[in-house]
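Reviewing the structure listed below.
For the numbers below, each heavy atom of this structure counts, side chains included, while hydrogens, waters and symmetry mates do not.
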Amino acid sequence: MKKLFLTICLTVMLSTPAIAACDGGTEYTVDGNTFCISNIKLNWWSAANWCKANGRHLATMYEVCPDWDGNTGSGKCSWITSSIDEDVMTATANRDNSVFGIVPSKGGVYSYFRDYTYRVFCR
């Protein structure tokens, strides 16, 4: 009887899908894609670890803005919108020490230094 009970418990635990958390962040779902935007500001290296700790990865620009043309400027990313009026960085490198990110409330794409702190997109 104990073996049957343990087998059932183990089966239930292993068949339950892992759900990515968004602890310390705000979750957004756009067209079936779920993102977590951190509530705290992190540098690029810490951001990757924070996303990983939440069972996610630092999102790329193409995950955040599928139709992005590779350029910076206003209105380059209107796919994901929120009231967040702060810089949110992604995993996509721009140059040696910078990455791309957006201001969700404006849809603008900008370049950010990796060692400065910003909110981050996780997917």
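If you chain together hydrophobic residues whose side chains sit under 4.5 Å apart, Trp44 and Tyr62 never meet in one group. A continuous path of hydrophobic side-chain contacts links Phe100 to Ile102 [ILVMFWY only; heavy atoms under 4.5 Å]. Residues Val103 and Val88 fall into different hydrophobic clusters, defined by Ile, Leu, Val, Met, Phe, Trp and Tyr side chains chained together at heavy-atom separations under 4.5 Å.
Shortest non-hydrogen contact noted between Ala21 and Arg56 is O-NE, 2.7 Å. The minimum heavy-atom distance between Met89 and Leu42, with the atom names listed, is CE-O, 3.0 Å. Shortest non-hydrogen contact noted between Leu58 and Phe121 is CD1-O, 3.3 Å.
Judged by distance alone, with hydrogens and angles left aside, the side-chain atoms of Thr60 form a donor-acceptor pair with the main-chain N or O of Glu63 at under 3.5 Å. One N or O on the side chain of Thr92 and one on the backbone of Met61 form a donor-acceptor pair closer than 3.5 Å. The backbone N or O of Ile84 lies less than 3.5 Å from a partner atom in the side chain of Ser105, making a donor-acceptor pair. Asn54 places a side-chain N or O within 3.5 Å of a backbone atom of Asp23 that can act as its donor or acceptor partner. Under a 3.5 Å cut-off, the side chain of Arg114 and the backbone N or O of Asn43 do not form any donor-acceptor pair. Looking at Trp68, its side chain does come within 3.5 Å of a backbone N or O of Asn71 through a donor-acceptor pair. Within the 3.5 Å criterion, the main-chain N or O of Val120 finds a donor-acceptor partner in the side chain of Ser38.
Residue Tyr116 qualifies as open at atom OH: its count of foreign heavy atoms under 6.0 Å is 12 or below.
The structure places CG of Asp115 at 10.0 Å from OG of Ser98, a figure rounded to the nearest 0.5 Å.
Pairing of Cys122 with Cys36 by a disulfide is not supported, the SG atoms lying 2.5 Å or further apart.
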Please determine whether salt bridge (Lys or Arg N to Asp or Glu O under 4.0 Å) holds for the pair Arg119 and Asp87, giving the CA-CA distance in whole Å, both sets of side-chain angles, and the decisive distance to 0.1 Å. CA-CA 6 Å; Arg119 294 175 73 172; Asp87 302 318; over 6 Å; no
Could you go step by step and tell me if Val64 and Arg123 meet the side-chain contact (heavy atoms from CB on, under 4.5 Å) rule? CA-CA 9 Å; Val64 175; Arg123 175 132 189 247; over 6 Å; no
Going through the checks in order, is the side-chain contact (heavy atoms from CB on, under 4.5 Å) test met by Asn94 and Tyr112? CA-CA 8 Å; Asn94 181 14; Tyr112 305 116; over 6 Å; no
side-chain contact (heavy atoms from CB on, under 4.5 Å), that's the test. Do Tyr118 and Lys41 meet it? Break it down for me. CA-CA 4 Å; Tyr118 310 97; Lys41 294 181 179 182; 5.5 Å; no
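Look at Lys106 and Glu86 and you find no salt bridge, because none of the NZ, NE, NH1 or NH2 atoms lies under 4.0 Å from a carboxylate O.
Between Phe35 and Tyr28, the ring centre distance reaches or exceeds 6.0 Å.
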